[in-house]
Amino acid sequence: MKYKNQVVNTAAFVSWYMLFILPTIGMVHAQVESTFDTDVESWLVTGDNSAAWEATTGNPGGCLSVNDHATGDMNYIVAPPKYHGDWSGMTATDSLSAQIFYQHLGGGYQVYPAYIFRIAGPGGSAYTMVGESFHPTEGAWTTYTAYLNPADWVIETGDWNAILSNINSVRITGEYYNGTEIVRLDNVHLTSTPVKAFIPCAYDDFNTGGTGDWSFANTGGVSNPGSGGNGGGYLSIADKAGVLSVALAPAKFLGDWSSLDGSGIVTADLRIVRRGGTAPDISEFIRISGPGGSAFVPIEPAAFPESSLVWKTFTYPIDASAWTVDSGTWQDLLQDVSECRIVVEFYDGTDTIGLDNFGRMASDCSSIDNTVQLHDPAVGSCGYHSMVNLSSVAYDLRDNELYGLVRETAGSGGGLYPVTGPDRGIRIQSYDRPAHLIFDTNGNAFVSEDYGGNVYRKEYNGPSGVWVSGFHSGDDDPYGMTFAPIGFNGPSVKEGDILITDRGAGGPDQIWSFSTRSPENEQLVMPDPGETDQWDLTADPDGKVYLCDSLNADNLYSLDPDGILTPLPLNISVSNLLSIVYDSIQEQIYVAGGSAKAVYRVDPSSGEVTLVADGFRNFHPCCLEIDPPNRRLWVADNGYNRVYEFCLDGGVPVNVAVGLQGPSRPDPAGWQIPLFVAFYLPGADVLEDPAVYYCRPTTTKTADSAVAQVPGIAPGAYDVAAAGEYTLLNVRRSVVVAEPTASVDMGLLLEGNANRDNRIDLGDFAALASAWSTTETTPAFTESADFDRNKVIDLQDVALLISTWLTSSPIELP
């Protein structure tokens, strides 16, 4: 072929002569070149290496030398921004060329190049010169010339024209032996000048494997595990003793940033995979520099999560007010950012830092590495929580936080973790490959272990113990759980019990029940119906229970209290049904399909299936959680290490007002309290009967009332109960909730219920006496006895206790 890519292995002078003098090879004088006469000219080397400049070892003069630390498999040399841009005006007579010197010093074995040159951009990637015939001649300079003829290139992704339209990565292989070697680069030439093409949404999500075009200095090794990131892969960067580890962003992030001034951002996700020693103050985190100056932003290591499982996003506006300019001017710096340096070491011991989703972004760019697409207009995105290895989540009404399970052995981190709140990611209880988690209204957690065959109960802020030690002789596999709804009463179950699937991995497939009030006493509700995999179940507020079977894509099932299953045919098949929850406001079922990695909405009255969201990476069984009154749906995506939070439409907002006791109650902080609000069927025993809806909003002060809003309740008539954390329970009967909004005054809440037993008596006096005359900073101080929330246990609290002495819940309001 006329422009067949060429390798010339001759003496240095002949190589140079052939490259520039002989007209027969169709060359013209280079328009973009790197001769390395004075420095490395902003070229970088990927992996745990650095690009060193040598003044006299080039061909001739200076050259770039690959400083190979021999800790990785392969090195690539990465071109600076002047090689980037629109190459579409170039023809097959244009070429990219370079001279490479290689010398094996010892150890290892020869490796043949996967390519000599690789070009890539938003439109795809391509490479050329592969294999043994392109291995450089040892001890001599080898000239490589790659013509821009698509027939000479292997297209990895995209198409040739799309690739050339915007090149933002040019690589040259820089390793030919996996032992000790010398590799030098000189006289790189591109025969035409690219048209500059600014990329407003430049980012790396590290999902394609490897380290990309990133370069590093002073590290103990860099790898991409391929999973465990805030999304897919990430860069795992180990530090090196005695020096500060840094990462250098690829050339696609550099260049003219002027158009982003005042509107763009720099963002990075960090995870402390391993930490050792203390975290000293870090004077700078990200530094940008160029001919016009330099600037940096700091980072506080104290801002990092304590957990090695949690990712945190750091975002900095591209604005002079957010950066410290320590040379030149901000405007001059942005005109040509030639280096972006990131500190990736934060502890004075041994640490490993995770870096993911780095971006230099315009204000209208989409979030990085978010493949989830919404298709249902009734569902909106409310963000996500990033935490590694979560398989299932549950919402605790008691403390208004989300919790999750890591499905590993206890020794490998398996157990119960907060997903939100100040202690997120810190294991609070170890379990062996836990399967599912639910909370009762008092904040007690029930956790199933299908391998061990047990169900555990962990008290709110208390110990964990076996609650149900198996169901039958043989292999127990307890998995999904739900509370038996109002009216769900049968021979082996009553409303308020927990229903649980035994998925039958090595034994029968069954449904069991057990009480939340006393351990053991499990009852068989549904005998083995045959070959099924019923991972999960859910309940509506009208006495119905629904199950999903991963082996049956065409039906959901309803379960009656006598253990009879009734199919609910679906109009669209959903393969590998893994999880199911019920939205009692809109009277809709949500299910997770493991094959399509998608979430669907099912109308239980018709079986009509609607696609809600797809683009997830991997589901475990019981991956869905819902809180209908707060209009929230959570999806645990174990593959992307995220819990996606979705906002649901529907429901009537209800404003709930209460009066609070205490003349010295701080204003407004003392009026901002968690308010427990429950909606019951009319005539309910509010201390014994299950609620239709239960929620815990936070109040704000409005005039002389504390007001909270319940986001959404189904229209209807209810008995409403409300209490503070340490007050008695007030009840107002026959409250009508109707569109568009509703309001209910729940009266004055009576303080003094320190031990939360619904009666003001000696037990509450004992709690107050044990904390008498203490303040918030005193070890003996207890919030439960600070009835007026003024951070002091004093006579005001005694007065409130006396005023409600021997009063009991519920307080019936007129």
Side-chain angles (χ1 to χ4, degrees), residues 397-400 627 629-632 651-680 686 691 693-754 756 758 760 764 775-776 783-805 807-814:
L397 294 161
R398 172 75 180 272
D399 63 10
N400 203 25
D627 179 30
N630 281 314
R631 310 308 298 135
R632 288 294 186 269
V652 178
V654 181
N655 295 309
V656 181
V658 296
L660 300 178
Q661 290 184 307
S664 60
R665 183 178 291 272
D667 184 2
W671 294 73
Q672 297 167 349
I673 66 166
L675 188 66
F676 298 85
V677 184
F679 296 79
Y680 295 86
V686 296
Y693 305 110
Y694 192 91
C695 52
R696 184 183 177 269
T698 300
T699 62
T700 57
K701 191 171 189 290
T702 302
D704 293 328
S705 295
V707 180
Q709 185 179 76
V710 178
I713 296 297
Y718 303 93
D719 290 348
V720 182
E725 284 188 292
Y726 309 108
T727 75
L728 295 178
L729 184 75
N730 288 4
V731 178
R732 188 172 294 281
R733 305 286 181 178
S734 300
V735 175
V736 176
V737 174
E739 296 281 4
T741 60
S743 298
V744 56
D745 185 346
M746 295 303 299
L748 183 68
L749 298 180
L750 302 183
E751 296 283 352
N753 188 23
R756 295 172 59 91
N758 289 310
I760 313 299
D764 306 298
T775 64
E776 185 182 27
E783 185 181 78
S784 64
D786 182 21
F787 301 130
D788 59 3
R789 301 296 182 269
N790 69 348
K791 311 299 183 185
V792 180
I793 312 299
D794 55 15
L795 287 174
Q796 296 291 344
D797 301 301
V798 175
L800 288 174
L801 187 69
I802 292 172
S803 71
T804 58
W805 187 251
T807 309
S808 299
S809 297
I811 307 297
E812 297 277 351
L813 300 176

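Bear in mind the structure is a predicted one, so any value in this text is a computation, not a measurement.
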| task | First locate atom OH of Y718, then atom OG of S734, and finally report the distance between them rounded to the nearest 0.5 Å. | result | 12.5 Å
| query | Do any N or O atoms from the side chain of E751 and from the backbone of L800 form a donor-acceptor pair under 3.5 angstrom? | reply | no
| Less than 4.5 Å apart, any side-chain heavy atom of R696 and any of E725? | yes
| message | When you compare the side chain of Y680 with that of V731, does any pair of heavy atoms fall below 4.5 Å? | response | no
| field | Approximate separation, where rounding is to 0.5 Å, of D764 CG and R756 CZ | value | 12.0 Å
| query | Checking N758 side chain against S809 main chain: does a donor-acceptor pair fall under 3.5 Å? | reply | no
| field | Nearest heavy-atom neighbours spanning L729 and A723 | value | CD1-CB, 3.7 Å
| Residue pair P666 / W671: nearest heavy atoms and the distance that separates them | O-CD1, 3.3 Å
| task | Indicate the atoms forming the closest heavy-atom contact of V686 with P810, along with that distance. | result | CG2-CB, 3.9 Å
| Salt bridge flag under 4.0 Å for residues R733 and D719 | yes
| request: Would you confirm whether R732, through its side chain, and L813, through its main-chain N or O, come within 3.5 Å as a donor-acceptor pair? | output: no
| Can you name the residues that form a side chain to side chain contact (heavy atoms under 4.5 Å, CB included) with V792, not counting sequence neighbours? | T775, N790, D794
| How long is the span from the CD1 atom in I713 to the CZ atom in R631, to the nearest 0.5 Å? | 9.0 Å
| If you look at every heavy atom in G651 and E739, which pair is closest and at what distance? | O-OE2, 4.3 Å
| query | Backbone N or O of A669 within a donor-acceptor pair of the R789 side chain at under 3.5 Å? | reply | no
| Closest contact, heavy atoms only, P653 versus P740 | CD-O, 3.3 Å
| message | Just to verify, what does A708 make a side chain to side chain contact (heavy atoms under 4.5 Å, CB included) with, not counting sequence neighbours? | response | L675, P697, T699
| query | Taking atom OG1 of T727 and atom CD1 of I760, what is their separation to the nearest 0.5 Å? | reply | 8.5 Å
| Pairwise distance CG(N655) to CG(D745) - rounded to 0.5 angstrom | 11.5 Å
| field | Nearest heavy atoms of S705 and A657, plus distance in Å | value | CB-CB, 4.3 Å
| Is any side-chain heavy atom of L728 closer than 4.5 Å to a side-chain heavy atom of S808? | no
| message | I need the single residue from D797, L660, T804, L750 that forms a side-chain contact (heavy atoms from CB on, under 4.5 Å) with F787. Which is it? | response | D797
| task | Drop me the distance from L748's CG to I811's CD1, to the nearest 0.5 angstrom. | result | 10.0 Å
| query | Considering residues, nucleotides and ligands other than D667, do more than 12 of their heavy atoms fall under 6.0 Å from its CG? | reply | yes
| said: Counting C-beta onward and ignoring hydrogens, is there a side-chain heavy-atom pair between V710 and Y693 closer than 4.5 Å? | reply: no
